[in-house]
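Written below as structure tokens is the structure these notes are about.
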Amino acid sequence: MRVLAIHVSPGRGVPMRSVDSVDAEAGRGLVGDRYHGARHRHVTIQSRESLDQAAAELGRDIDPGATRRNITVDAGEIPTRPGSRVRVGAVELEVVRVAAPCRLLDDGIGPGAAAALRARAGTVFRVLTSGRITVGDGVVPAG
């Protein structure tokens with residue numbers, strides 16, 4: 001599994017911005033993202049493979065940034081069990097919970113987007129170790 005895209009947004013309702021890399025701070029989140037400093041919701045990760053499945057169901061392409069998730073990986077299952085850990089590049093993350101699709105996705109992507117993304121909306125993680133996450137980094141289970 002590899003990082004395909006990284007998106008951050010400085011505030012609620014502010015469009016997501018695609019970046020080539022981002023600094024992650026342990027216990028704080030992604031620098032420049034609206035959830036930086038939040039207690040637990042530091043990073044969200046989704047799979048392009050799952051987005052493609054949702055797009056087929058919806059009948060239109062889904063831009064990874066439109067889902068408001070931070071990291072999009074190329075393929076594979078994103079862990080969902082709380083406490084599970086992954087390493088993205090040199091940064092260790094821990095699963096907090098499954099990310100629920102917001103009804104606002106219907107406004108941004110199109111009618112039915114939230115329903116198509118149900119069970120495909122990715123996972124919320126907390127940042128355990130600081131470091132830089134870059135497009136192309138590998139994503140592997142961490143112990």
Side-chain angles (χ1 to χ4, degrees), residues 1-58 60-110 113-143:
M1 209 178 324
R2 294 229 169 261
V3 174
L4 279 183
I6 302 169
H7 291 87
V8 294
S9 174
R12 184 171 191 226
V14 178
M16 297 294 277
R17 181 172 54 96
S18 177
V19 296
D20 291 330
S21 63
V22 66
D23 290 320
E25 292 182 346
R28 303 219 10 105
L30 301 180
V31 175
D33 190 65
R34 73 182 179 134
Y35 289 107
H36 183 256
R39 187 165 180 198
H40 298 295
R41 185 189 174 110
H42 295 159
V43 181
T44 50
I45 300 179
Q46 65 188 352
S47 167
R48 179 74 247 186
E49 186 175 42
S50 293
L51 284 181
D52 289 344
Q53 292 167 357
E57 186 176 304
L58 191 59
R60 69 172 56 98
D61 287 339
I62 298 175
D63 180 305
T67 63
R68 303 201 58 84
R69 301 299 180 243
N70 298 117
I71 296 174
T72 304
V73 298
D74 54 0
E77 294 290 320
I78 308 300
T80 58
R81 186 174 48 86
S84 298
R85 294 181 178 187
V86 297
R87 186 170 297 281
V88 181
V91 177
E92 190 168 340
L93 307 173
E94 181 181 62
V95 172
V96 175
R97 62 179 169 79
V98 171
C102 174
R103 287 189 306 268
L104 294 176
L105 293 175
D106 288 351
D107 295 335
I109 298 171
L117 287 163
R118 187 162 278 102
R120 299 179 181 127
T123 302
V124 176
F125 291 84
R126 73 174 50 94
V127 178
L128 299 179
T129 61
S130 296
R132 181 165 278 252
I133 297 172
T134 302
V135 170
D137 279 351
V139 180
V140 296

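Below, each value reflects all heavy atoms present in this structure, side chains not excepted, and no hydrogens, waters or symmetry copies.
- Between the CZ atom of Arg87 and the CG atom of Leu128 there is a distance of 9.0 Å, given to the nearest 0.5 Å.
- Taking OG of Ser18 as the reference point, atom NE2 of His7 lies at 4.0 Å (rounded to 0.5 Å).
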Next on the checklist: Working note: Arg97 + Arg41, criterion side chain to side chain contact (heavy atoms under 4.5 Å, CB included); need CA distance, chi angles, decisive distance, verdict.
Outcome noted: CA-CA 9 Å; Arg97 62 179 169 79; Arg41 185 189 174 110; 3.4 Å; yes
Item to check | Audit row: Ile71, Ile133, side chain to side chain contact (heavy atoms under 4.5 Å, CB included) steps and yes/no | outcome: CA-CA 9 Å; Ile71 296 174; Ile133 297 172; 4.0 Å; yes
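- With hydrogens and angles ignored, the 3.5 Å screen pairs a side-chain donor or acceptor of Arg2 with a backbone N or O of Gly136.
- In terms of modelled atom types and a separation under 3.5 Å, the side chain of Arg81 and the main chain of Ser84 share no donor-acceptor contact.
- With no hydrogens or angles considered, no side-chain donor-acceptor pair links His42 and Arg126 at under 3.5 Å.
- The shortest distance between side-chain heavy atoms of Thr134 and Val3 does not fall below 4.5 Å.
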Next on the checklist: Does Glu92 form a side chain to side chain contact (heavy atoms under 4.5 Å, CB included) with Arg85? I'd like the steps, not just the answer.
Outcome noted: CA-CA 7 Å; Glu92 190 168 340; Arg85 294 181 178 187; 3.0 Å; yes
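- Taking CE from Met1 and CD from Glu77, the interatomic distance works out to 8.5 Å, rounded to the nearest 0.5 Å.
- Between the Ser47 side chain and the Gly76 main chain, a donor and an acceptor come within less than 3.5 Å of each other.
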Could you give the side-chain donor-acceptor pairs of residues 27-35 under 3.5 Å, partners two or more places apart or in another chain?
residue : atom : partner : partner atom : Å
Asp33   : OD1  : Ser9    : N            : 3.0
Asp33   : OD1  : Asn70   : ND2          : 3.3
Asp33   : OD2  : Tyr35   : N            : 3.3

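- Contact of the Phe125 side chain with the Val91 side chain is not registered, since no non-hydrogen atoms from C-beta on lie closer than 4.5 Å.
- Proximity of Pro64 to Arg48: side-chain heavy atoms (C-beta onward) are separated by under 4.5 Å at one or more points.
- Side chains of Val135 and Leu4 form no contact here, defined as non-hydrogen atoms less than 4.5 Å apart.
- Remark: the Ser21 side chain and the Arg132 side chain contain an N/O donor-acceptor pair separated by less than 3.5 Å.
- Residue Met16 comes nearest to Arg69 through the heavy atom pair CE-O, 3.6 Å, listed as atom of the first residue, atom of the second, then distance.
- Between the side chains of Thr72 and Gln46, a donor-acceptor pair is found at a separation under 3.5 Å.
- The two residues Leu93 and Ile45 have their closest heavy-atom pair at CD1-CD1, 3.7 Å.
- Between Val140 and Val86 there is no side-chain heavy-atom pair separated by less than 4.5 Å.
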